[in-house]
There are 2 protein chains.
Amino acid sequence: MKNIFELMKKCPLFDKMDDKELNVILKSPHTKIQDFSKNQTVISEGGSADAVGIILSGSVQIVRNDYFGNRSIIALIDSPQIFAEVFVFADINAMPVSVVSVTDSRIMLIKPKDILNDNPDLSSFHTKLTSNLLRIVTEKNLKLNEKIEIVSKRTTREKIMAFLMSQAKLNNSDNFTIPYDRQALADFLEVDRSAMSAEISKLRLEGIIESDRSKFRLIKKRG
Amino acid sequence: MKNIFELMKKCPLFDKMDDKELNVILKSPHTKIQDFSKNQTVISEGGSADAVGIILSGSVQIVRNDYFGNRSIIALIDSPQIFAEVFVFADINAMPVSVVSVTDSRIMLIKPKDILNDNPDLSSFHTKLTSNLLRIVTEKNLKLNEKIEIVSKRTTREKIMAFLMSQAKLNNSDNFTIPYDRQALADFLEVDRSAMSAEISKLRLEGIIESDRSKFRLIKKRG
DNA sequence: GCAAGTATGTTGTAAATCCAACAAACGGAG
DNA sequence: CTCCGTTTGTTGGATTTACAACATACTTGC
């Protein structure tokens, strides 16, 4: 097993914290570390929102499901990021979304409020936590904004292009591999898979993109 | 003119701050108060994201516009809330959205980073600001999640119903007035206005809702 | 009260999307 | 390598939505 301490130090939630503080978190009875297999549900929609998840290894999807089985993928979260923090700190009782493990993953679940209650002496801890959380939540806010920008496009084609351009920007290259298979991409873009697949084929035929499974390339127009 | 001080004290960004701190903000050369008329642009997409907006009176919409003139309303922000804080604190240079005044409004624009630089002595100020911001950004995060939940619905009818149910919850009543006219609602739900209007009529005919302009009522099914 | 402008509702047609079913390509297990 | 489950691509028909044009209702300023 990898050194949990080293993994924790990489996590933005624990930024600038010292070993003593990390130890308090790690040793707290309100902290547990759990392994999840591919496609396993980490937290169910409707479940209690009392623990923040820290991805030590692997990755998870934040999803919501319709009454008619339409899956909506809200976000993809990788190690060493965290999830569910917004619901915990906003005192939401029930999770409005589910969290599903995409790969095999190891996840630390902590109850920061309980930890703080048990350790009223750790005043610096609270300050650091607040400031780290602000940075994290701000960044998530930007990601949600980007997701809204993409799904706000009125046509499937525009959604695909908006998504691909954001990925190109993220990868600093017109050549990149996306972290979704076709069904997951459709669930992220909120469109039908087969229609999306057809539209991707059209874009390829029109010479706007190249694609092979999850690998994409944006073709620049000649000026 | 209303007492600015009183208005500031109502704003969650300044929660728990004392008069001295408020005065520093108010008197700073990095703070300005400006009046905007209905439909006037407060900040343009692409403009610099260096100032946080505080709505002293009135309300604004956060919007984005397509190349083909499709308006997308991302959020509606009322007094005494704030806007643009995410972009300022995430060090985004260019605003990815526009801010438009919905009614006549008075807005305070502050550059918190400059203020902090000018006043290195105000350490408590920084702590309070961070903790207030965390609460605000967390809450916005929840609102963005809700917006995503609504626009993720695949049909216009489902979008309308999801929106109306969230409004009913917000108002704690099945009788409520929505803050959008038809075009704005369509721009928020990311659908065509006339198609939406037709769908609302259908819902009315089917006895699922009652509506008169911006007033709606959800009809409970009899068990 | 009237006129002009704005907002909302209605309708028919064109276009886009969903859906279901299937074909083809791929990847792992044995 | 072959088999089999999974992923991706393709197609046609049903459904939904967008679009444009117009009718009606409401609002505001005079």
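A note on names: the letters A, B, ... follow the listed sequences, proteins ahead of strands, and every chain is numbered from 1. In this text the structure is predicted, and so the values were computed from the model without any measurement.
- Closest contact between the side chain of Ser201(B) and the listed nucleotides dG9(C), dT7(D), dT16(D) involves dG9(C).
- Rounded to an integer number of Å, the gap from Leu189(A) CG to dA16(C) P is 18 Å.
- Using a distance-only test at 3.5 Å, with no hydrogens or angles considered, no donor-acceptor pair links the side chain of Arg106(A) to the main chain of Ile33(A).
- Remark: P of dT17(C) and NZ of Lys159(B) are 11 Å apart, rounded to the nearest angstrom.
- Regarding Arg157(B), its CZ atom lies at a distance of 15 Å from the P atom of dT15(D), rounded to whole Å.
- Heavy atoms only, all atoms of each residue included: Ser166(A) and Ile150(A) are closest at OG-CD1, 3.9 Å.
- The aromatic rings of Phe163(B) and Tyr180(B) sit tilted relative to each other, their planes meeting at an angle between 30° and 60°.
- Taking atom CG of residue Asp181(A) and atom C1' of nucleotide dG5(D), one finds them 14 Å apart after rounding to whole Å.
- The nearest whole Å value for the distance from the CD atom in Glu199(A) to the P atom in dA16(C) is 9 Å.
- A distance of 6.5 Å separates NZ in Lys111(B) from NZ in Lys32(B), rounded to the nearest 0.5 Å.
- Computed from coordinates, the Arg182(A) CZ to dG27(C) P distance equals 13 Å when rounded to whole Å.
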(request) Spell out protein contact along nucleotides 18-28 of chain D as letters: B when the base is contacted, S when just the sugar-phosphate is, - when no protein heavy atom is under 4.0 Å; keep the 5' to 3' order. (result) SBB-----S--

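- Residue Arg204(B) is in sugar-phosphate contact alone, with no base atom involved, counting any heavy-atom pair closer than 4.0 Å across all strands shown.
- Among the heavy atoms of the strands lying under 4.0 Å from Ser197(A) is at least one base atom, whether or not backbone atoms are also near.
- Straight-line distance from the NZ atom of Lys215(A) to the P atom of dT8(D): 15 Å, rounded to whole Å.
- Side-chain atoms of Val60(A) and Ile107(A), non-hydrogen and from C-beta on, do get closer than 4.5 Å to each other.
- A salt bridge links Glu206(A) with Arg157(A): the distance from a Lys NZ or Arg NE/NH1/NH2 to an Asp or Glu carboxylate oxygen falls below 4.0 Å.
- Pairing each heavy atom of Ser28(B) with each of Ile115(B), the nearest pair is OG-CG1, 3.5 Å.
- Rounded to a whole Å, the NZ atom of Lys202(A) is 11 Å from the C1' atom of dT17(C).
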